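Beneath this line is the structure, given in structure tokens, with notes to follow.
Predicted model only: the values in this text are computed from it and were never measured.
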Amino acid sequence: MPEESATGMSETTDAKLSLSDRFARLALDCVHREYPNKISHVMQSDDDARAPHELTPAFYGCFDWHSSVHGHWLLVRTLNTAPESTLEDEIRTKLAQSFTAQNIAGELAYYQREDRASFERPYGIAWFLQLIAELEESSDPQLSEWRETLRPLEAEIVANTMVWLPKLSYPIRLGTHNQTAFAFGLILDYARTVGDEALEETLIDKIRSFHLEDVNCPIGYEPSGEDFLSPCLMEADLMRRILPPQEFATWLSGFLPELPENGRADWLAPGIVLDPSDGKLVHLDGVNLSRAWALEGMAAGLPERDPRRAGLVAAAEVHKKAGIAAVSDEHYSGSHWLASFATYLETRRGLTGAGKAD
């Protein structure tokens, strides 16, 4: 029997792969894997019943559009954060295959079709804008070229987002794709990275109107059986992006009043997955990863001497351990997306760049 790595992946192919390369390998293996595939759009004619690579020629792999997008983000993130990667040449080849002017023109044509303004909103578009932010921050000439190649689709997505945000009357407090707190965090980080002040101001106004008065979040009811995002913790991780530390500390006292001050980790138990081959149940492996980065973000957003920081960090470590151990190539139900969550956590993406409030 081959040994299993910390990510659950077989050690037989390359025992020397770094943790980041183990995650990158999962993305490399899926970004151009067309099937199985879940297409989600309103069909207007027979022309909408086509193969995935014909509909979305850049982002057709990894089971669904949003997973393909954040799989590509993972690969760019690896180039930006792991210059010693043994997979650099393969990563660049895969990205060059996807990021062509022709492919992005095809993506734009797909997105501009009737009834597509809400396509992948807000989760997929947030990951796409995170991909743009990753390219924007790089000084690598090839990544800068790809950033320009993706600009037409970026412009259309941002324009649609600016139309949508003023019309959104209420936050979406789910633990899955439609949650607005997670998406707003990624989009806000993008806006700050590229210097889009109009989008940033619109988002901050919406976030404050939605969440500034929120109190007593029922975290004891979490997680739901198919969550991969925590409604309570993602909201807190969003608010630390827009509030100064002392103001965030006061807000958090009302929002999660029972947070421990003694540094214990057992106040929040990791989610349990009993069948990782089930595409919905395996979401809970993702909730452990996303909880970990949200807890780290919350701790970073508090004043240095806040007594709740130790308990947040301790709980983050417990969730991180459980989440990273579940990243495996055994079942495509998890392997097509969990590595992106693990990379976001391991590289502390939410705590770098333009994401933190002044």
When you group the ILVMFWY residues by side-chain heavy-atom contacts below 4.5 Å and let the links chain together, are [Y] and [X] in the same group?
X: Y60; Y: I157; result: no
X: L108; Y: W127; result: yes
X: L150; Y: I91; result: yes
X: V313; Y: L268; result: no
X: L168; Y: L203; result: yes

Any non-hydrogen side-chain atom of [X] less than 4.5 Å from a side-chain atom of [Y]?
X: L188; Y: I242; result: yes
X: P257; Y: N216; result: yes
X: C232; Y: E222; result: yes

Surrounding [atom1] of [X] (heavy atoms of other residues, nucleotides or ligands, distance under 6.0 Å), is the total greater than 12?
X: Q102; atom1: CD; value: no
X: D266; atom1: CG; value: yes
X: I272; atom1: CD1; value: no
X: Y221; atom1: OH; value: no

How many angstroms lie between [atom1] in [X] and [atom2] in [Y], if you round to the nearest 0.5 Å?
X: D189; Y: L238; atom1: CG; atom2: CG; answer: 9.5 Å
X: M43; Y: D46; atom1: CE; atom2: CG; answer: 7.0 Å
X: L243; Y: H211; atom1: CG; atom2: NE2; answer: 11.5 Å
X: L289; Y: L284; atom1: CG; atom2: CG; answer: 11.5 Å

Check this for me, if you would: do [X] and [Y] make a salt bridge, where the nitrogen-to-carboxylate-oxygen distance has to be below 4.0 angstrom?
X: E88; Y: R92; value: yes
X: D278; Y: K280; value: no
X: E304; Y: R309; value: no
X: E134; Y: R77; value: yes
X: E136; Y: R192; value: no
X: R25; Y: D21; value: no
X: D214; Y: R173; value: yes

Using only atom types and a distance under 3.5 Å, with no angle test, would you say the side chain of [X] pairs donor to acceptor with the backbone of [Y]?
X: N103; Y: S98; result: yes
X: S85; Y: L87; result: yes
X: R308; Y: A249; result: yes
X: K94; Y: V31; result: no
X: T56; Y: F59; result: yes
X: R50; Y: D47; result: yes
X: S20; Y: T78; result: no
X: E261; Y: P307; result: no

Heavy-atom closest contact ([X] atom, [Y] atom, distance):
X: A58; Y: I104; value: CB-CD1, 4.0 Å
X: P122; Y: W164; value: CB-CH2, 4.0 Å
X: V282; Y: S333; value: CG1-O, 3.6 Å
X: A315; Y: W267; value: CB-NE1, 3.6 Å
X: V318; Y: P270; value: CG1-CG, 3.6 Å
X: A310; Y: G263; value: CB-CA, 3.8 Å

Between the side chains of [X] and [Y], is a donor N or O closer than 3.5 angstrom to an acceptor N or O?
X: S138; Y: R147; result: no
X: D205; Y: T202; result: no
X: H41; Y: Y110; result: yes
X: E137; Y: N80; result: no
X: Y190; Y: D196; result: no
X: D48; Y: S45; result: no

Could you go through the side-chain contact (heavy atoms from CB on, under 4.5 Å) check for N37 and D64 one step at a time? CA-CA 6 Å; N37 201 298; D64 48 36; 5.6 Å; no

For residues 303-340, which residue pairs qualify under ring-ring contact (aromatic ring centres under 6.0 Å, His included), counting only residues two or more places apart or in two chains? F63-H336, F228-W337, H283-W337, Y332-H336, W337-F341

Check the angle between the aromatic planes of [X] and [Y] and answer parallel, tilted or perpendicular using the 30° and 60° thresholds.
X: H177; Y: H66; answer: tilted
X: H72; Y: F99; answer: tilted
X: W293; Y: F182; answer: tilted
X: Y344; Y: W73; answer: tilted
X: F248; Y: W251; answer: parallel

Give the intermediate values and the outcome of side-chain contact (heavy atoms from CB on, under 4.5 Å) for residues K167 and V163. CA-CA 7 Å; K167 299 177 182 178; V163 170; 3.7 Å; yes

Once salt bridge (Lys or Arg N to Asp or Glu O under 4.0 Å) is applied, do any residues pair with D237, and if so which ones, sequence neighbours excluded? R240, R241

With side-chain contact (heavy atoms from CB on, under 4.5 Å) as the criterion, how do V287 and L229 come out once you've worked through the C-alpha distance, each side chain's angles and the decisive distance to 0.1 Å? CA-CA 5 Å; V287 87; L229 301 168; 5.7 Å; no

Can you check side-chain hydrogen bond (donor to acceptor under 3.5 Å, both in side chains) on R349 and T81, steps first, answer last? CA-CA 10 Å; R349 182 53 178 148; T81 61; over 6 Å; no

When you look at E346 and L19, which way does the side-chain contact (heavy atoms from CB on, under 4.5 Å) test go after all the steps? CA-CA 9 Å; E346 281 286 328; L19 190 62; 3.7 Å; yes

Who passes ring-ring contact (aromatic ring centres under 6.0 Å, His included) against H53, sequence neighbours left out? none

